[in-house]
Amino acid sequence: MEPIKIKLSTGREVILDEDVIKVLNEYVRTQMTLEQLAKRLNLANWEEAYELVKQVPAFVMWTPLPILKKLKQT
């Protein structure tokens, strides 16, 4: 499985690696705000975080990391 790259309107490219997926998993399961998400992912502001969340496939955010790792192996 090839890494997913998300290109934001600001020109920034976010590669969905394990660290980013862990943060996104936490974001969808807790009350983390977009401001907190932006800070954790080193994004400029909540607007970039919102744009990232809109573009990331839902299955990536909701699937636990160990299961995604198994999917990559097959």
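For the atom pair CG of L34 and NZ of K39, the computed distance is 15.0 Å after rounding to the nearest 0.5 Å. A distance of 10.5 Å separates NZ in K54 from CG in L8, rounded to the nearest 0.5 Å. We find the CZ-NZ distance between R40 and K22 to be 10.5 Å, quoted to the nearest 0.5 Å. Between the CD atom of E26 and the CD atom of Q36 there is a distance of 9.0 Å, given to the nearest 0.5 Å. Between atom OG1 of residue T63 and atom NZ of residue K70 there is a gap of 13.5 Å, rounded to the nearest 0.5 Å. Summarising the geometry, atom CD belonging to E35 is positioned 10.0 Å from atom CD belonging to E47; distances are rounded to the nearest 0.5 Å.
The nearest pair of heavy atoms linking R29 to M61 is NH1-O, 3.6 Å. Shown here for I21 and L16, the closest heavy-atom pair between the two residues is CD1-O, 3.8 Å.
Side-chain contact between V60 and N25 is absent, with no heavy atoms from C-beta onward closer than 4.5 Å. V53 has its side chain within reach of Y27: a pair of non-hydrogen atoms, C-beta onward, lies under 4.5 Å apart. For the pair V20 and L24, the minimum side-chain heavy-atom distance is below 4.5 Å.
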When you look at E48 and N45, which way does the side chain to side chain contact (heavy atoms under 4.5 Å, CB included) test go after all the steps?
-> CA-CA 6 Å; E48 277 191 354; N45 52 38; 4.0 Å; yes
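Only one option out of I4, L52, N42, L41 pairs with V14 in a side-chain contact (heavy atoms from CB on, under 4.5 Å); it is L52.
Residues F59 and I6 share a hydrophobic cluster, clusters being chains of Ile/Leu/Val/Met/Phe/Trp/Tyr side chains in contact below 4.5 Å.
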